[in-house]
Number of protein chains: 2
Amino acid sequence: MVEGAFRGVLVPVATPFRDDLSVDADALVGHCRWLLDQGADGLALFGTTSEANSLGLDERLTLLEVVVAAGIPPTRLLPGTGTCALPDSVRLTAHAVGLGCGGVLMLPPFYYKGIADDGLLGYFAELVERVGDARLRLYLYHIPPIAQVGIPLGLLGQLATRYPATLAGIKDSSGDWEHTARLLAEYPQLAIFPGSEAFLLDGLRHGGAGCITATGNVNPAGIRAVYSHWQEPAADGLQAAAGAVRRAVQAHPVIAAVKLLLARIHGDAGWRRVRPPLQPLAAAAGAELLAAVQAAGLELPAA
Amino acid sequence: MVEGAFRGVLVPVATPFRDDLSVDADALVGHCRWLLDQGADGLALFGTTSEANSLGLDERLTLLEVVVAAGIPPTRLLPGTGTCALPDSVRLTAHAVGLGCGGVLMLPPFYYKGIADDGLLGYFAELVERVGDARLRLYLYHIPPIAQVGIPLGLLGQLATRYPATLAGIKDSSGDWEHTARLLAEYPQLAIFPGSEAFLLDGLRHGGAGCITATGNVNPAGIRAVYSHWQEPAADGLQAAAGAVRRAVQAHPVIAAVKLLLARIHGDAGWRRVRPPLQPLAAAAGAELLAAVQAAGLELPAA
């Protein structure tokens with residue numbers, strides 16, 4: 001395991017927007033603080049749930065600076081810095097490393113499809129060489145249901161051999177436990193994060209590092225409890241409780257659902273906004289979601 | 001039809017790279033001039049074939065300025081300006097309009113999948129409003145095999161109604177003639193471009209505007225001949241001849257194949273380079289390609 005690798009429950013921090021669709025940086029910083037107070041081990045800013053792929057390049061650069069300047073410890077930050085294009089990925093990554101981030105979570109280039117493994121290897125190798133900074137800690141992001149381009153298992157081994165001090169881990173959002181289990185078995189030297197708390201306890205029992213999960217935005221304490229107590233008799237019950245909340249959220253488009261819940265949690269209706277092409281939840285779906293997560297045990301402030 | 005809409009054979013201009021993978025702007029300008037000399041009606045810079053999605057945001061801004069400054073008429077330019085993120089798409093589009101480009105070719109936001117039609121409508125509407133320039137001529141880009149997110153047929157009608165002077169056309173790279181035929185039948189007010197010369201003659205016979213095609217990079221005159229003579233007895237023979245060259249190219253990864261042929265056409269081996277994650281053709285495949293396109297009738301300079 002790379003020294004200082006992330007462990008525990010990491011949250012792809014949702015991004016709040018003002019009514020002109022600009023980022024509400026104050027609300028973002030406030031949400032980061034709340035997540036750390038609730039026990040989140042790390043903040044994966046600019047993830048899929050963050051609508052990072054709907055943010056402009058300059059917005060991503062500026063926002064990261066704002067979050068660090070606001071006092072969020074950069075060692076707790078694992079920003080997403082992968083784009084379709086090598087130059088932009090290099091720029092975002094070097095910037096994050098320069099700010100002292102604990103690592104970066106890197107999508108593969110995802111526009112061109114049917115890419116050969118050697119092509120991806122060439123891309124990541126160029127990226128590491130061009131960033132050229134020994135402080136870089138790279139976590140790859142495997143999310144084939146959305147990116148379509150995944151991280152092939154063999155590629156991990158090639159990168160781990162070539163960059164043993166740099167390649168630190170992987171987030172596996174395949175949603176396929178068999179795939180996660182193979183990663184855990186074949187790459188014990190990497191920090192393996194399932195992309196959902198659904199596999200948190202199973203992952204920990206097989207050497208996993210924790211999880212990085214969208215629903216961590218709204219149930220950080222409940223999910224962190226699984227991690228805190230995973231070797232205790234209470235673990236299965238805690239896992240089941242977190243799973244019930246997750247299923248209630250997953251019954252809806254997840255990003256819009258998370259943001260509707262954050263509007264209640266933070267008492268700020270602006271949190272419901274998403275950027276096009278995403279759409280907020282309709283009122284009826286929102287009411288159903290609020291009832292369902294509370295029935296599943298999530299405590300929410302009064303409306 | 002929007003006044004001044006593009007017609008004819010448009011080429012998604014391949015992008016040459018130096019050995020450090022930076023863009024060779026001089027070679028790009030030279031290729032643009034050659035294409036216009038060969039009869040190309042328009043240059044769709046920053047298309048899929050251009051590896052535009054492997055270019056950084058700043059590279060795209062700078063390169064377009066270089067091409068225009070070099071004297072390529074901006075009215076002949078249809079640059080791709082669609083990215084995953086509204087702010088970057090607005091920035092590229094406003095920049096292209098400001099330089100006097102004849103139009104922009106716009107991918108839908110392609111990271112998030114399973115997007116509702118209304119979400120795409122919201123995205124394109126925000127884009128048009130934020131660019132806020134009456135000179136904007138918008139051509140949408142439907143390429144579901146790669147972008148995965150397509151342009152729904154109904155969305156075209158909504159945008160045509162809302163922005164009749166702005167929405168000028170669509171490039172249909174579905175590879176599905178039935179889809180192109182529906183577009184032609186339902187949207188006679190739009191300039192419909194099949195994304196391949198395979199459908200050029202059929203398209204023209206059903207009211208199409210021409211085609212926008214990768215192989216236009218290497219066979220512009222042969223493809224333009226179909227357009228020039230489509231109402232003459234020679235048309236079917238010319239279409240068959242262009243199709244034979246196309247099939248020889250399509251037997252390989254198209255971008256790498258086009259660039260290998262451009263190395264021969266322009267006498268510059270550097271043209272073979274592609275940016276990761278793409279890979280150049282292997283030597284044996286390249287030799288096979290060169291033989292096949294010549295057997296299909298494409299005249300190439302001696303090596």
Side-chain angles (χ1 to χ4, degrees), chain A residues 17 20-23 48-49 51-60 82-92 107-127 130 143-149 155 253-256 274-280 282, chain B residues 17 20-23 48-49 51-60 82-92 107-127 130 143-149 155 253-256 274-280 282:
Chain A
F17 298 114
D20 65 356
L21 296 179
S22 64
V23 176
T48 297
T49 307
E51 296 171 83
N53 301 90
S54 298
L55 299 177
L57 187 68
D58 288 347
E59 286 180 313
R60 290 166 74 146
T83 71
C84 294
L86 184 62
D88 289 345
S89 300
V90 169
R91 186 170 168 194
L92 291 172
L107 278 168
F110 54 84
Y111 181 72
Y112 296 101
K113 305 302 190 293
I115 296 299
D117 290 10
D118 279 352
L120 286 175
L121 177 63
Y123 177 91
F124 287 118
E126 282 289 342
L127 181 112
R130 284 169 189 244
I143 182 168
I146 296 183
Q148 305 286 324
V149 178
L155 174 65
V254 169
I255 297 171
V274 294
R275 261 199 192 164
L278 301 187
Q279 295 183 287
Chain B
F17 298 114
D20 65 356
L21 296 179
S22 64
V23 177
T48 298
T49 306
E51 296 171 82
N53 302 90
S54 298
L55 299 178
L57 186 69
D58 289 347
E59 287 180 312
R60 290 166 74 146
T83 72
C84 294
L86 184 62
D88 289 346
S89 299
V90 169
R91 185 169 169 195
L92 291 172
L107 278 168
F110 54 84
Y111 181 71
Y112 295 101
K113 306 301 189 294
I115 297 299
D117 289 11
D118 279 352
L120 286 176
L121 177 63
Y123 178 91
F124 287 117
E126 282 288 343
L127 182 111
R130 283 166 190 246
I143 182 167
I146 296 183
Q148 306 286 324
V149 178
L155 174 65
V254 169
I255 297 172
V274 294
R275 261 199 193 164
L278 301 187
Q279 296 182 288

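This one's a predicted model, so the numbers in the text were calculated from it and none came from an experiment. By convention in this document, chain letters (A, B, ...) are assigned in the order of the sequence lines, proteins followed by strands, and residues within each chain are numbered from 1.
- If you check the side chains of B:T48 and A:Y111, you find a donor sitting under 3.5 Å from an acceptor.
- Interface remark: A:D20 contributes backbone atoms only to the contact with chain B (heavy atom separation under 4.5 Å).
- Of all the listed residues (B:D118, B:L86, B:L120), the one sharing the greatest number of non-hydrogen pairs under 4.5 Å with chain A is B:D118.
- Between chain B and the options A:V274, A:L107, A:V149, heavy-atom pairs under 4.5 Å are most frequent for A:L107.
- Residue contact with chain B, scored on non-hydrogen atoms closer than 4.5 Å, is absent for A:L127.
- The shortest distance between side-chain heavy atoms of A:F110 and B:C84 falls below 4.5 Å.
- Here the shortest heavy-atom pairing between A:P87 and B:G56 reads CG-N, 3.8 Å.
- Of the atoms belonging to A:L92, not a single heavy atom falls under 4.5 Å from chain B.
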Evaluate the side-chain contact (heavy atoms from CB on, under 4.5 Å) criterion for residues B:Q148 and A:K113: first the C-alpha distance (whole Å), next the side-chain angles of each, then the deciding distance (0.1 Å), finally the verdict.
CA-CA 10 Å; B:Q148 306 286 324; A:K113 305 302 190 293; 3.9 Å; yes
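- Heavy atoms closer than 4.5 Å to chain B are found nowhere in A:P253, neither backbone nor side chain.
- With a 4.5 angstrom heavy-atom cutoff, A:I115 touches chain B only via side-chain atoms.
- For the pair A:N53 (side chain) and B:A85 (backbone), a donor-acceptor distance under 3.5 Å is absent.
- Minimum interatomic distance between A:P276 and B:G119 (heavy atoms only, all atoms of both residues): CB-O, 4.2 Å.
- Contact annotation for A:A125: neither backbone nor side-chain heavy atoms come within less than 4.5 Å of a heavy atom of chain B.
- Contact check for B:Y112 versus A:E51: side-chain heavy atoms found under the 4.5 Å cut-off.
- Contacts between A:R60 and chain B at a heavy-atom distance below 4.5 Å are absent for every atom of the residue.
- To the nearest 0.5 Å, atom CG of residue A:L57 and atom CG of residue B:D58 are 7.0 Å apart.
- Neither the backbone nor the side chain of A:T83 has a heavy atom closer than 4.5 Å to any heavy atom of chain B.
- You'll find the side chain of A:D88 stays beyond 4.5 Å of the side chain of B:E59, heavy atoms only.
- In this structure, no portion of A:L121 lies under 4.5 Å from any heavy atom of chain B.
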